[in-house]
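Notes to accompany the following structure.
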Amino acid sequence: MKYDDITIVLGEFGKYQKILYFLVCLPAISLGIQMLLPVFSLASQSYRCSLPGSGTDSFAVRDIDHAIRINQSIPRKNQDRTSLVYESCEFYYTNENTTYNEFNVPINASVVSCNSWVYDQSTFQKTVITEFDLVCGQELARANANMAIMAGLLVGSLEDADPKDLRGSSDPFQVDKESSYLLEGAWITGDGSHFPYTDQEDQREPNTVLHTTENTNMIANISPRLGLIIDRGNILFMDNASNDTPTTVQGMELVGPSYRVAAGVIVEFFWCTGLFILCLVAFFVRSWNYLQLAMACPTVLLLLLYRLPESPRWLMSKGRFEEARVVLQKCAKVNGVTLPDDIVGNDTLETGESHSVLKILTVPRLLVRTLIIYLNWIVVNMVYYGLSLNVGNLSGDIYVNFAINSFFEFAAYGMCLLLLNRVGRKWLHSGSMILGGAACLSTIFTVLYANENQHWITVMLANIGKFGISAAFGIIYVWTAELFPTVVRSSGVGSSTMMGRVGSMLCPYIVEIGTIIKGDFGKALALIIFGSMAFIAGLLSLLLPETRGTVLPETIKDAENFGRIMKPPVADIVLQDDETGL
């Protein structure tokens, strides 16, 4: 009896599977929190140079004397007398010979770069950016930190696969989940970067001597702290990547074939739950170090999942048939069914020759199809994480924007759950990508022609873009697994996942493009790039065949003919067998 047949006998989604599926989906909550925590911990704030010689300066104007001192020390942008926007990285270098005009602005003072800053604390008390002074030429440090996290995901996706996978192994999800849970629950114990930094601070008065644009204190101040963040990011997210894949796959393997698509989508609702929790806690905890501590401590509870049983399919792939039999018998007992003692054997798992994905790259038709799949994975990851990280760059309150953004994502997964088996993979995926791309591209009109009171339109278009790309994210994994033939399915899905990680590594730099290109157009340029890529990838995905209700390809030859010589739907085959008595 094959494994899928066993799940049908057990009950495709019985009481035991429901309980276990809920438990193995819980890590997705933690993963969602940790993945998008940088939206708040790495958020940027308005800033300007500190007043020279002042140890009590603040970004907010306290009184008229403070306003006069600011006017005497900090240049205004474009020298506009009516503007209250001051230069962020320069101040007037004055002495006893300096003269002032009627507006208390120095006339004969030179403008120099500063070495200390004050920050707007109306939204955040402290972020990584403000604590480490990652401003005035150091803005890309935020993109580098986010890229390091995404690189950790790439390494983690390699960690959770058998090294033989890219050569054609039989099962790419052969990771012992116990090690993932143990690492996930214990990673915070060795990291003290959540707590206030206690090294001796620079005792010099701010901006008292001539400085260049080089921040001479940056390496001394940032290395011991930002290094911890990046190092921890790689360790944590390598573990999260290896944790997410096997638990998700384990949840899908618990249920019968007819529930497998739903199981692959429902786990995304747990991810969204993590996003809502993050938004709520971040609203009350406005310092990055305490926020990270608050979000990290609950992961210790994942240690409780250490005792969950392994996937019977995984155990059997390792030849541990007795352990698999114990798990299946326990499932049968809870579900109220009876299984024969010899239900598990060497013939339980489907076996057959497996090849590397490189095998299909020698067939021109399949080469084009594989490149389109890879492009969609790159774009889906790039745009999803890009739109998520770009929330802080949108007009309006960051907490409201993040909550709305997460709600649109939640709704997207709900749409997938309802329509994936009705509409099909191709049209739903392509339509979602094109919708998301068109919404992001439309922001160019709101940026160029809308006034300040209409900036909410840009925010709404960005959220529609997130809705479309989230839906595509929920579809692409299922569709990819069905498009690759059985003999290369493992390596095909594994290589697609790795291509997606490459896209997620690129997105932080696209998000930060607004710091290089100033003005409203710079703010919208990231959305324009994301929209263009999503629109193109969505159109190209129309060249891929539909897989809903069809017999999936098994060999390279089947894959070459798939979509050109259509096989009858599975339901039709079953009906024909019943009618002929076979």
Side-chain angles (χ1 to χ4, degrees), residues 36-51 54 56-62 66 70 73-77 83-91 113-146 193-194 196-197 201 206-207 213 215 217-218 221-222 225-226 229 278-279 281-292 294-295 388-403 405 452 455 459 508 511-520 522-523 526:
L36 295 186
L37 185 60
V39 172
F40 301 103
S41 62
L42 289 171
S44 60
Q45 300 169 253
S46 299
Y47 61 93
R48 62 167 172 79
C49 293
S50 299
L51 296 178
S54 174
T56 60
D57 192 15
S58 64
F59 185 85
V61 178
R62 297 191 299 269
H66 189 209
I70 295 174
S73 304
I74 311 297
R76 290 180 178 178
K77 292 184 178 180
S83 173
L84 296 179
V85 179
Y86 292 94
E87 288 289 348
S88 302
C89 304
E90 299 174 331
F91 72 103
S113 300
C114 56
N115 73 320
S116 63
W117 299 264
V118 290
Y119 299 92
D120 182 6
Q121 295 183 316
S122 60
T123 302
F124 300 100
Q125 182 179 352
K126 181 170 57 177
T127 69
V128 173
I129 304 301
T130 64
E131 177 144 352
F132 306 146
D133 289 333
L134 300 180
V135 295
C136 297
Q138 306 299 329
E139 290 85 355
L140 284 183
R142 178 167 67 168
N144 293 335
N146 280 322
S193 66
H194 306 290
Y197 187 59
E201 300 291 344
N207 303 330
T213 57
N215 187 346
N217 250 356
M218 186 188 70
N221 283 335
I222 293 176
R225 294 178 281 179
L226 186 58
I229 296 171
L278 171 61
C279 185
V281 176
F283 180 80
F284 292 102
V285 183
R286 303 296 181 101
S287 293
W288 74 271
N289 49 345
Y290 293 119
L291 175 61
Q292 292 208 155
M295 293 290 90
S388 299
L389 296 175
N390 193 57
V391 168
N393 296 331
L394 298 176
S395 301
D397 185 89
I398 187 173
Y399 301 100
V400 174
N401 287 344
F402 189 88
N405 198 261
E452 293 185 359
H455 282 175
V459 176
V511 171
E512 296 299 328
I513 201 168
T515 63
I516 301 174
I517 301 177
K518 302 298 183 181
D520 290 336
K523 293 180 180 179

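Values below: every heavy atom of this structure, side chains too, minus hydrogens, waters and symmetry copies.
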Measure across [X] and [Y] and return the closest heavy-atom pair with its distance rounded to 0.1 Å.
{"X": "Ala294", "Y": "Val281", "result": "CB-CG1, 4.2 Å"}
{"X": "Asp57", "Y": "Arg48", "result": "OD2-NH1, 3.0 Å"}
{"X": "Lys126", "Y": "Glu131", "result": "CD-OE1, 2.8 Å"}
{"X": "Met295", "Y": "Leu278", "result": "SD-CD1, 3.9 Å"}
{"X": "Gln45", "Y": "Gln121", "result": "NE2-CA, 3.9 Å"}

Rounded to the nearest 0.5 Å, what separation is found between the [atom1] atom of [X] and the [atom2] atom of [Y]?
{"X": "Thr130", "Y": "Tyr47", "atom1": "OG1", "atom2": "OH", "value": "12.0 Å"}
{"X": "Cys279", "Y": "Phe402", "atom1": "SG", "atom2": "CZ", "value": "6.0 Å"}
{"X": "Asp120", "Y": "Ser58", "atom1": "CG", "atom2": "OG", "value": "10.0 Å"}
{"X": "Leu389", "Y": "Leu36", "atom1": "CG", "atom2": "CG", "value": "6.5 Å"}
{"X": "Ser50", "Y": "Phe91", "atom1": "OG", "atom2": "CZ", "value": "10.0 Å"}
{"X": "Arg142", "Y": "Ile129", "atom1": "CZ", "atom2": "CD1", "value": "5.5 Å"}

Test of ring centre spacing under 6.0 Å for Phe124 and Tyr119: no
Under 2.5 Å between SG of Cys114 and Cys136: no
Arg286 charged N/C atom sitting above Tyr290 aromatic ring, 6.0 Å / 45°: no
Side-chain heavy-atom pair Gln125, Leu291 within 4.5 angstrom cut-off: no
